[in-house]
Amino acid sequence: MHPIHHILLLHLLLLHVSPSIQQSFIYNGFKSPDSTNLTLTGIANITGNGILKLTNVSSHQIGRGFYPDPIRFKNPGSESALSFSTAFAFSIVPKYLKLGGHGLAFTISTTKEFAGAQPSQYLGLLNVTLNGNASNHLFAVEFDTVQDFEFSDINDNHVGVDINRMKSVNSTRAGFFIDGNSTIQDICLHSGKTIQAWIDYDGVKQQLNVTLSLFSTKPSTPIMSFPVDLSPVFQDFMYVGFSSSTGVLTSSHYVFGWSFNMTGEAESLDLDLIPSLLPAKKTNKGLAIRFSVSVFLVFLIIIIAGAVYTIKKFKNTEVVEEWELDLGPRPFSYTELKDATKGFHEKHLLGFGGSGKVYKGVLPDSRTQIAVKRISRKSKQGPKEFMSEVSTIGRLRHRSLVQLLGWSRNKGEFLLVYDFMANGSLDKYIYSSNNSKLILSWDQRFKIINDISSGLLYLHEEWEQTVLHRDIKAGNVLLDSDLNGRLGDFGLAKLYDHGSNPTTTKVVGTLGYLAPELTRTGKPTTSSDVYAFGALLLEVVCGRRPLELKASPEELILVDWVWDKWREGCLLEVVDSRLKGKYNEVEAAMVLKLGLMCSSDEPSMRPSLRQVVRYLTREVPLPESLGLRCDGGAKGGLVVKIDVFTPSSLEKMKSW
Ligand SMILES: *[C@@H]1O[C@H](CO)[C@@H](O)[C@H](O)[C@H]1NC(C)=O
Ligand SMILES: *[C@@H]1O[C@H](CO)[C@@H](O)[C@H](O)[C@H]1NC(C)=O
Ligand SMILES: *[C@@H]1O[C@H](CO)[C@@H](O)[C@H](O)[C@H]1NC(C)=O
Ligand SMILES: *[C@@H]1O[C@H](CO)[C@@H](O)[C@H](O)[C@H]1NC(C)=O
Ligand SMILES: *[C@@H]1O[C@H](CO)[C@@H](O)[C@H](O)[C@H]1NC(C)=O
Ligand SMILES: *[C@@H]1O[C@H](CO)[C@@H](O)[C@H](O)[C@H]1NC(C)=O
Ligand SMILES: *[C@@H]1O[C@H](CO)[C@@H](O)[C@H](O)[C@H]1NC(C)=O
Ligand SMILES: *[C@@H]1O[C@H](CO)[C@@H](O)[C@H](O)[C@H]1NC(C)=O
Ligand SMILES: *[C@@H]1O[C@H](CO)[C@@H](O)[C@H](O)[C@H]1NC(C)=O
């Protein structure tokens, strides 16, 4: 035989015999035994009911699930990438309501292992050195719930196509089209809903389409459709699968079903046939796997009716169930709270907030400890406005916020009910003189700083509305029984405006924490919150107030003092001496520098809370130059700050 024929024959044999040449597959769920041959890496696992669970809510984790065998993406002897088509159903369930984690990516790559890959923004696919290298041969479609400015992400809810680098070659906000309507219907990727995605590549036209929907049928208009040649990206054989990761913010990522096709359009998944999270949540195993819609609706109506009934009855003193909390803060009866605080006895007084006295209480039936704030109200603001704000704020939910549990109204008086924080407020620890019981270790301080930054990030960026705290200070940072830091009194600041507290001035906030522009414009912003957060950072490290009247003139204003020391190159001299040198110097220097950045007089120079969290978790290094004061005058801030002082505020300061 002529040698050429030999080679041809070999090629033909390879094409038809090689087990690697898988053309299409479909998984309607990943139930064993037939589907358990996916290659799982990191913390990925298949749940009992056949769901591919890529990550859980542990932070900084990677989870991947890949089809075990490589797939041919180029014909022998050809340089052009073949068409492919895939459909899959996934959902992203954040640990905290409305607070995303990182996303999930459909991936085509030369490897299933991804040596050196990092979690968080690298989605478990790349790291900083690998990012952008053409020899990665990596194609990914990311469903991203974090806006990463480093990678020029368009928003925190987008679909992006990544080639060899995390910065997308094209991206679009997540959504879909209903046939016959040209308006995008938005999809919140981290809503926990099951989302079906289709990715279609036409190798001849060199066109890539990405389509999304909340349903089983594929919309006829893709959300993304653009020209791209994948030939340089693909090698002859590639692996296909999913990768996702968590960072500081975490989500569970699930894939419920997957079809893939090299020879035609991938079959769409019937969302009723694949496993879902719903039955898994029920403890009753007898429940049918598939809820019929009507049964579910009836169930829902009963729950709501039950809830409304209980709320109407007002006598509900039972333990609050988790689902009840989801309905927002609940009403308490005045007598219930009066009993809980032994008639608002002075013995139970925890402290004075900006808006009223705070009492400790114990709910008689459940023995739950609560904190009750009594706001006396002689304001123009009616109960309706008050309630609408309370219900808004009551829906905020984050581990680093003090939870508002409910409210009560009695004649002109409002009562707010909060989680009880066993260890009181941070100020008593920071300002305590040498009572060793009250001195927090460096690790405790650093943890509290991280807690508060994530709580504030939630208020600023992660909730449905931007919530300004407006009164961040050590006195509003509370410590729970495990010394976790929790931000209190958030959002309610707006109510103070109308309160009857005579010491509350038009500009809300506390001296020493007030951003200079606030006194000029009177308009609070997220960056005025950042300013106050900066003051808090410096306080926690230095163990003193932002304004210390007893200190020497050069130490009067904390931020100026720290700034001077930084310029003199002896930054760590400002660290709280009560730590007796026992602290992490790298962390302390970072927090101090960050505190200075946040304390910039120029609002635009201050970082956002998202950036603050990145710096604190060392996802991104701090910039070398802090670029603080445009005028370079360390005392520039003093003049502005002094302007705020009025005789009565100075009196108040002295009494601190
Ligand atoms: C993995 O499972 C699929 C579906 O049952 C099957 O078609 C495929 O041959 C299996 N692959 C391996 C390598 O076992
Ligand atoms: C994966 O799940 C199985 C049960 O479904 C369990 O036995 C196994 O330990 C899990 N593996 C990991 C790595 O969590
Ligand atoms: C997440 O999964 C890993 C590996 O299975 C496990 O060690 C860890 O405890 C889990 N974390 C949570 C919060 O469930
Ligand atoms: C990135 O991964 C590559 C490959 O494993 C490794 O050589 C490199 O050191 C990693 N870079 C970083 C910053 O981890
Ligand atoms: C890209 O990766 C290849 C192989 O790992 C390596 O040899 C090359 O130096 C990398 N290029 C750059 C610019 O990092
Ligand atoms: C198209 O969708 C938008 C957004 O949901 C909706 O407001 C509008 O009424 C729809 N138009 C038609 C013609 O159905
Ligand atoms: C991509 O979408 C365009 C526009 O809807 C369509 O004409 C084209 O056929 C689609 N291509 C593939 C591969 O689905
Ligand atoms: C990105 O996609 C849109 C349509 O989804 C397309 O109009 C645009 O040209 C694409 N941009 C690039 C750079 O390919
Ligand atoms: C792949 O495409 C072919 C041709 O359209 C079709 O017959 C087959 O059902 C598809 N397979 C899957 C798993 O989507």
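Just so you know, ligand 1 is whichever comes first in the structure, and atom 1 is the first atom listed for that ligand.
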Exercise. Using a strict 4.0 Å cut-off to heavy atoms of Ala115, name the atoms of ligand 4 that fall inside it.
Key: 2 (O), 4 (C), 5 (O)
Self-check item: Per-atom contacts, ligand 4 versus Thr129 - under 4.0 Å to a heavy atom
Solution: 1 (C), 8 (C), 10 (C), 11 (N), 12 (C), 13 (C)
Exercise. Examine Val128 against ligand 4 and note whether any of their N/O atoms are separated by less than 3.5 Å.
Key: no
Quiz item: Are any of the N or O atoms of Asn127 closer than 3.5 Å to those of ligand 4?
Solution: yes
Exercise. Say whether Asn209, considering both its backbone and side-chain N or O atoms, lies within less than 3.5 Å of an N or O atom on ligand 7.
Key: yes
Quiz prompt | Mode of Gln207 contact toward ligand 7 - side chain, backbone, both, neither (heavy atoms, under 4.0 Å) | solution = side chain
Are [X] and [Y] linked by a side-chain donor-acceptor pair shorter than 3.5 Å?
X	Y	result
Thr145	His190	no
Asp229	Gln206	yes
Asn209	Ser225	yes

Looking at the rings of [X] and [Y], which for Trp means the six-membered one, are their centres under 6.0 Å apart?
X	Y	value
Phe143	Phe90	yes
Trp258	Phe242	yes
Phe260	Tyr67	no

Self-check item: N-O pairing of Glu587 and Arg618 below 4.0 Å
Solution: yes
Exercise. Using the side-chain contact (heavy atoms from CB on, under 4.5 Å) rule, pick out the option among Val591, Leu571, Leu572 that qualifies with Val541.
Key: Val591
Quiz item: Name the residues in contact with ligand 6, where contact means a heavy atom under 4.0 Å away: which are they?
Solution: Asn181, Thr183, Gln185
Quiz item: Are any side-chain N or O atoms of Asn131 and backbone N or O atoms of Met166, one a donor and one an acceptor, separated by less than 3.5 Å?
Solution: yes
